[in-house]
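Worksheet: the structure to be examined is printed underneath.
Chain identifiers are assigned alphabetically (A, B, ...) following the order of the sequence lines, protein sequences preceding nucleic acid strands; residue numbering begins at 1 within each chain. The structure presented is a predicted model; accordingly, all values stated were derived computationally and were not measured.
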Number of protein chains: 2
Amino acid sequence: MSENVGRWLRDEIENAILSYEFAPGERLDETVLANRFGVSRTPVREALMQLDAIGLIEIRPRRGAIVIDPGPHRIYEMFEVMAELEGLAGSLAARRLDKASREAITATHGRCEKSAAAGDSDAYYYDNEEFHKAIYAASRSDFLQEQCAQLHRRLRPYRRLQLRVRNRLSTSFSEHCAIVDAIFTGDGDEARRLLRTHVGIQGERFSDLVASMAAR
Amino acid sequence: MSENVGRWLRDEIENAILSYEFAPGERLDETVLANRFGVSRTPVREALMQLDAIGLIEIRPRRGAIVIDPGPHRIYEMFEVMAELEGLAGSLAARRLDKASREAITATHGRCEKSAAAGDSDAYYYDNEEFHKAIYAASRSDFLQEQCAQLHRRLRPYRRLQLRVRNRLSTSFSEHCAIVDAIFTGDGDEARRLLRTHVGIQGERFSDLVASMAAR
DNA sequence: ATTGCAGATCTTGTATACACAAACGTTGAC
DNA sequence: GTCAACGTTTGTGTATACAAGATCTGCAAT
């Protein structure tokens with residue numbers, strides 16, 4: 001139970017939102033949440049304030065908190081920014097790569113290979129996350145790493161939907177290969193370019209996403 | 001007094017931090033703040049939680065809040081990310097430019113010209129901000145616009161320091177001219193490239209920044 | 001003189017109580 | 001039958017009280 005009740009609640013509610021237990025548009029009643037988690041309203045409010053600052057919910061003065069529904073268009077915008085940041089991380093990683101980062105990337109890349117070969121999309125989903133985090137870390141920019149991790153977290157549920165699409169697993173993995181190549185050979189521009197297209201959701205991949213969102 | 005006391009306090013404390021009234025590393029005592037603003041501790045805590053989420057302060061469990069001292073290196077990293085995001089905004093703006101955005105950019109660019117010609121660095125500081133915001137808006141990506149605005153806000157004090165450096169005013173303005181050109185001719189790649197170098201702080205500009213920070 | 005421990009003090013974390021605003025339902029008039 | 005106004009109810013916003021943990025001070029022992 002993470003240090004204090006407020007932070008624990010923040011994580012708890014955040015997970016509930018990201019896993020659609022609290023649906024977009026749903027109203028979060030402070031008293032109800034307090035009862036549900038067996039605490040008073042005070043830490044609940046603190047958790048909600050933090051979630052508001054992160055952008056997961058919106059607190060309208062005197063009218064309570066509602067879960068934000070980003071909508072396809074905004075999600076597209078978020079992926080667009082994510083692509084840009086990952087591109088930067090990749091280009092920095094290529095320039096600054098050290099032994100430890102290289103090993104971390106190799107290791108996570110290897111795990112992705114296994115999961116992809118096994119066709120295990122749940123495992124790949126997790127390994128993929130670790131792979132990308134290894135690249136953030138390799139950028140050696142703490143701030144960039146934090147920003148990437150935060151956005152990555154918010155986009156997590158949609159990434160999961162994406163992986164369900166046919167062939168996406170093997171396509172994704174072969175893109176990973178090219179990215180690793182570019183980073184290891186120190187080609188920053190190429191790493192940037194590859195990551196941008198890998199992360200971004202252009203063309204039919206966007207309509208796939210919209211379709212799977214609508215299917216909920 | 002922004003709707004409720006908590007948000008008002010957040011803005012108030014945020015300004016105090018950004019203007020160095022609360023120095024980096026300084027401890028923010030909840031009771032002291034509550035007395036100072038004539039409210040109870042509850043809204044003060046809410047404001048602090050939000051500032052923690054934004055990244056301006058750090059709340060260590062049971063040990064109070066301290067103002068974060070980014071340090072030159074982290075500030076450099078922040079400018080690096082800012083440069084990337086502005087680059088993206090510029091490239092999108094070039095692609096999606098509409099009449100209203102074009103006029104907004106022209107107008108703010110014109111104001112920059114006047115301030116630069118007058119050598120009024122305080123006025124230029126403000127006009128420059130509006131110019132960049134016009135570009136964010138022209139990107140037509142709400143999410144990107146928000147991210148840019150937020151980072152821009154956090155970097156505000158350091159930008160101000162930068163402008164004090166000799167010749168920076170006219171250099172900055174001529175860079176603006178090229179940027180406007182690229183956006184208006186629809187050259188997204190060029191706009192991106194120009195904005196990246198305009199916003200980033202490479203080489204001697206970084207040492208200038210460090211020097212002026214050390215002078216505090 | 002320095003280090004370690006114990007008590008005191010101060011600050012944060014959580015709960016509860018109260019005040020006040022907004023939503024909702026009911027009633028009455030047109 | 002519809003709409004508006006009023007009263008009720010519900011839930012948020014703020015204050016205060018209490019509990020628990022952290023820091024600090026002083027004293028003692030090495």
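- Note: CG (A:L48) to P (D:dG11) measures 15 Å, nearest angstrom.
- Nearest heavy-atom pair, B:R154 versus B:Y158, reported as atom, atom and distance to 0.1 Å: O-CE1, 3.8 Å.
- A salt bridge links B:E129 to B:R156: at least one charged side-chain nitrogen sits closer than 4.0 Å to a carboxylate oxygen.
- Among residues at least two apart or in separate chains, ring-ring contact (aromatic ring centres under 6.0 Å, His included) pairs with a member in residues 43-88 of chain A are A:Y76-A:F206.
- Rounded to an integer number of Å, the gap from B:R10 CZ to D:dT14 P is 13 Å.
- No side-chain N or O of A:S115 forms a donor-acceptor pair with one of A:D120 less than 3.5 Å apart.
- Minimum heavy-atom separation, B:A65 to B:I59: CB-CG1, 3.9 Å.
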For nucleotides 13-16 of chain C, list the nitrogen or oxygen atoms of the protein found under 3.5 Å from its nitrogen or oxygen atoms, one pair per line.
from   : atom 1 : to    : atom 2 : distance (Å)
C:dG13 : OP1    : B:R62 : N      : 2.8
C:dG13 : OP2    : B:R45 : NH2    : 2.1
C:dG13 : O5'    : B:R45 : NH2    : 3.4
C:dG13 : O4'    : B:R62 : NH1    : 3.4
C:dG13 : N7     : B:R41 : NH2    : 3.0
C:dG13 : O6     : B:R41 : NH1    : 3.2
C:dT14 : OP1    : A:V5  : N      : 2.6
C:dA15 : OP2    : A:S40 : N      : 2.7
C:dA15 : OP2    : A:S40 : OG     : 2.8
C:dA15 : O5'    : A:S40 : OG     : 3.4
C:dA15 : N7     : A:T42 : OG1    : 2.8
C:dT16 : O4     : A:T42 : OG1    : 3.3

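- Residues A:D122 and A:R160 share a closest heavy-atom pair of OD1-NH2, 3.7 Å.
- B:Y136 and B:S141 are not linked by any side-chain donor-acceptor pair at a separation below 3.5 angstrom, with hydrogens and angles left out of the test.
- Put simply, the side chain of B:E26 gets close to the backbone of B:A23: a donor and an acceptor are under 3.5 Å apart.
- Rounded to whole angstrom, the span from the CD atom of B:E58 across to the C1' atom of C:dT12 amounts to 15 Å.
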Are there any protein N/O atoms within less than 3.5 Å of an N/O atom in nucleotides 5-10 of chain C, and if so, which ones and at what distance?
none

